Amino acid sequence: MFDDLDGRAALPCWEVRLLGGFELRTAGQPVRIGAVEGRLLAFLSLHPPAVTREFAAATLWPPTADGRPAAGALRTAVWRLNRAASGVVEASRDRLMLAGQVRTDCAQSRDAAERILAGDEMATLQAVALLEHDLLPGWYEDWVLVEGERHRQLRLHALEAAARTLVGIGRHGQAVDAARLAIAAEPLRESAHRALIEAQLAQGNRAEALRDYRGYRDLLAVELGLPPGPALRALVAAALAEEPAPPSMAAIPDPE
Amino acid sequence: VTLFGHYASMSEADPADSEPERERAGVLIVRAWLDHGSSFRARVTRVDDLVEGQERVTTHADPDEVRAVLNAWLRDLDGLRGSR
């Protein structure tokens, strides 16, 4: 904890990470908390700005034998959480929320994705790394899966948009990286492969583009027994037609 | 599409008064999309026991295949009733 210029004790700055896995950090260091407290913190992170105690208890704990939400379990979790991470949760009589100084990577990632989709070049240059991971992989509760799928769709679209924007401003290497992140998230997504191949072609890496195309075509054949779509085949066919293929590429079959 | 399955068997005569003696919950996640309007694609993630957390992932180009996976998952869950 740090003192501010007036000598008052400043509140610690907490960071909740949900992308790629759960972690609570302060001053750059991870903080260990229990699994139950972690679930509560993740739940509050995904439900800004505040939730009722009743909603949190009913979602996170099964009802008691008489059908009422597990208010006691929630009270215990809040107490333990604020003991381990002082001030991370603000609790009133009927509501809970993350304290104002708590940052969450999911909020930063969502903000970055929306700015990228709006064509913000500065965000595109700086924030693609925030779109690298899924939200809480391996957590299967319904309140996580719904938000996780929403985040996943947003980041896939944003990564492809980032690749296109980066090509447009001549940052081809970063465009390739963004497209590869989209492909890693969903290897069978054709629009992600198209973004990658367009970035390679824009950079003048025709051989790399054809190699990427061939890899995707083979994956698609093995996984689904399908060829690439006509638009992607036409893109690669046009690239092939532009100039003679180098000898090393002669073995690559033409697009169907 | 996300489906949750939950199975619990009770040890006492009155389920309201007992804790589950054996509980299993699973999840089936179907991600399906149309790529540039050209073809149906789906990735199905199946977790039969969330405690173990082992994922089985399959990919499909035919909606009927996805239906078959869904039916098999539901049959497996329903079959737990006879395994207590």
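All figures in this text were calculated on a predicted structure; none of them were measured in a lab. Residue numbering restarts at 1 for every chain, and letters A, B, ... go by the order of the sequence lines.
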Which heavy atom of B:Ala61 sits nearest to which heavy atom of A:Leu226, and what is that distance? CB-CD1, 3.7 Å
Is there a side chain to side chain contact (heavy atoms under 4.5 Å, CB included) between A:Glu149 and B:Arg31 once you walk through the steps? CA-CA 9 Å; A:Glu149 285 304 310; B:Arg31 296 186 176 111; 2.4 Å; yes
Could you check A:Tyr140 against B:Glu55 for side chain to side chain contact (heavy atoms under 4.5 Å, CB included), going step by step and ending with a plain yes or no? CA-CA 11 Å; A:Tyr140 300 108; B:Glu55 290 186 352; 2.7 Å; yes
Select all residues of residues 176-187 of chain A having any heavy atom within less than 4.5 Å of some heavy atom of chain B, and report them by number, or 'none'. A:Glu186, A:Pro187
More than 12 heavy atoms from other groups under 6.0 Å of CZ on A:Arg171: no
Roughly how far apart are A:Leu219 CG and B:Thr59 OG1, rounded to 0.5 Å? 8.0 Å
Pairs touching residues 127-140 of chain A that satisfy salt bridge (charged side-chain N to carboxylate O under 4.0 Å, His left out), sequence neighbours left out: A:Asp134-A:Arg152, A:Asp134-A:Arg155
Mark yes or no for whether B:Arg41, through its side chain, and A:Leu188, through its backbone, hold a donor-acceptor pair below 3.5 Å. yes
Are more than 12 heavy atoms, taken from residues, nucleotides or ligands other than A:Arg25, located less than 6.0 Å from that residue's CZ atom? yes
